[in-house]
Amino acid sequence: MTRGPLLHGEMMRLRPIEARDAERLWEAVQDPEGTRLTGTTAVFTRDQIDEWASTVSDRPGRFDWAICPAAMREGKPISDEMIGEIVLNDLDEDVRSANLRLQLLPNYRGRGYGREAILEVLRFAFDGVDDEPGPHLHRVSLDVLSINPRAQALYESLGFREEGRLRDIYRDGDAWADAIVMSILEDEYRATLRT
């Protein structure tokens, strides 16, 4: 049984990650730009990816969604193929906080899918959706590399604020990159809805 609600925006739908998403997850970990911009240094085997895809949605303390195009025909999705993933992990129900992580496959970056996916996940995280109450969080955080100013600008435009930096924490070829720690609080999220 998969965990987490189906979330819908105008451009995309979010559904829990399933075993059938292993091929796209494998593509993501093979994408040099994606792994560079997210600071991914771990090396995965195909078997590890297959196992992860088939079990991650049942793991406690997290919600893992496949981002899929929203195009519909006769009330059914035209494609249910994963174009990226968005994750709410490190869920701490006592302090009502979690971490957010997003990755899109190369052909889908910069087209608005990430913005809409983040907005839907924040809505679920802070307020719940439909019949799913959600975790009712107070704080959602993330970190973004200093070599990824486009992602930082996106997060800022959605109401995330910089909290600090972990200096030279990621290796970028022969250079170093900072991790910029950002977060959004529930009252800040609600204020962005009013603007």
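Worth saying up front: this structure is predicted, and the values here are computed from it rather than measured.
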### Message
With a 4.5 Å cut-off on side-chain heavy-atom distances among I, L, V, M, F, W and Y, is there a chain of contacts connecting I17 to F44?
### Response
yes
### Summary
Across all chains, not counting sequence neighbours, the side-chain contact (heavy atoms from CB on, under 4.5 Å) partners of P106 are D31, R109
### Message
Same cluster or not: V29 versus L25, using hydrophobic residues (I, L, V, M, F, W, Y) connected whenever any side-chain heavy atoms lie under 4.5 Å apart?
### Response
yes
### Query
Are the side chain of D21 and the backbone N or O of R24 linked by a donor-acceptor pair below 3.5 Å?
no
### Query
Any side-chain heavy-atom pair from L142 and R101 closer than 4.5 angstrom?
no
#### Entry: For Q103, side chain to side chain donor-acceptor pair (under 3.5 Å) partners two or more places apart
none
## Note on the structure
CG (L14) and CE (M12) are apart, to the nearest 0.5 Å, by 4.0 Å
#### Entry: Minimum heavy-atom distance I83-P69, with the two atoms named
CG2-CD, 4.0 Å
### Query
For the atom pair CD (E116) and CZ (R111), what is the distance rounded to the nearest 0.5 Å?
13.0 Å
### Message
For the backbone of I180 and the side chain of E162, can you confirm whether one donor and one acceptor N or O come within less than 3.5 Å of each other?
### Response
no
### Closest non-hydrogen atom pair, L6 against P16
CD2-CD, 3.8 Å
### Query
Got a salt bridge between R115 and E120, using NZ or NE/NH1/NH2 to carboxylate O under 4.0 Å?
no
### Task
Following the transitive rule for hydrophobic clusters with a side-chain heavy-atom cut-off under 4.5 Å over Ile, Leu, Val, Met, Phe, Trp and Tyr, establish whether V121 and Y108 coincide in one cluster.
yes
### Query
Of all residues at least two apart in sequence or in a different chain, which pass the salt bridge (Lys or Arg N to Asp or Glu O under 4.0 Å) check with R20?
E18, D80
## Note on the structure
Test side-chain contact (heavy atoms from CB on, under 4.5 Å), reference L88, set V140, N99, D64, L122, output is V140
### Query
Under a single-linkage definition using a 4.5 Å side-chain heavy-atom cutoff for Ile, Leu, Val, Met, Phe, Trp and Tyr, are L193 and L158 assigned to the same hydrophobic cluster?
yes
### Query
Do the side chains of I86 and M11 join up, straight or via other hydrophobic residues, at under 4.5 Å, putting them in one cluster?
yes
### Task
Could you tell me whether E93 atom CD has more than 12 heavy atoms of other residues or ligands within 6.0 Å of it?
no
### Message
Treating W65 as the side-chain partner and P5 as the backbone partner, does any N or O pair qualify as donor plus acceptor under 3.5 Å?
### Response
yes
### I147: hydrophobic cluster co-members (side-chain, 4.5 Å)
L37, L145, L166, I169, Y170, V181
### Query
Hey, what do you get for OG (S97) to CG (L91), rounding to the nearest 0.5 Å?
7.5 Å
### Query
Could you walk me through whether L102 and V87 pass the side-chain contact (heavy atoms from CB on, under 4.5 Å) check?
CA-CA 6 Å; L102 168 75; V87 178; over 6 Å; no
### Query
Just wondering, do Y155 and N148 contact through their side chains at under 4.5 Å, heavy atoms?
no
### Message
Under the salt bridge (charged side-chain N to carboxylate O under 4.0 Å, His left out) definition, can you give me all pairs with a residue in residues 173-188, not counting sequence neighbours?
### Response
R96-E186, R161-E188, R165-D178, E186-R190
### Message
Could you check whether any side-chain heavy atom of H138 comes within less than 4.5 Å of a side-chain heavy atom of L185, counting everything from C-beta outward?
### Response
yes
### Task
Sequence neighbours left out, what passes side chain to side chain donor-acceptor pair (under 3.5 Å) with E163? Give chain and number order.
R139, S183
### Query
Distance from R15 atom CZ to H8 atom NE2, nearest 0.5 Å?
11.5 Å
### Task
Measure across D50 and A22 and return the closest heavy-atom pair with its distance rounded to 0.1 Å.
OD1-CB, 3.2 Å
### Message
For the CD atom of E27 and the CD1 atom of I49, what is their distance to the nearest 0.5 Å?
### Response
11.5 Å
### Task
Starting at CG of L137, measure out to CD1 of I184 and round the result to the nearest 0.5 Å.
11.5 Å
### Query
Closest approach of Y189 and R123, non-hydrogen atoms and distance?
OH-CA, 3.1 Å
### Query
Under a 4.5 Å cut-off applied to non-hydrogen side-chain atoms, are H136 and F126 in contact?
no
### Task
Check the pair M82 / I67 against side-chain contact (heavy atoms from CB on, under 4.5 Å), numbers first and verdict last.
CA-CA 6 Å; M82 177 181 185; I67 303 170; over 6 Å; no
### Query
Run the side-chain contact (heavy atoms from CB on, under 4.5 Å) check on R36 and D172 step by step: do they pass?
CA-CA 7 Å; R36 176 180 176 254; D172 182 33; 2.7 Å; yes
#### Entry: Steps toward side-chain contact (heavy atoms from CB on, under 4.5 Å) verdict (F160, L100)
CA-CA 11 Å; F160 284 84; L100 180 78; 4.0 Å; yes
### Query
Within 45° of the ring axis of W176 and under 6.0 Å from its six-membered ring centre, is that where the NZ or CZ of R171 lies?
yes
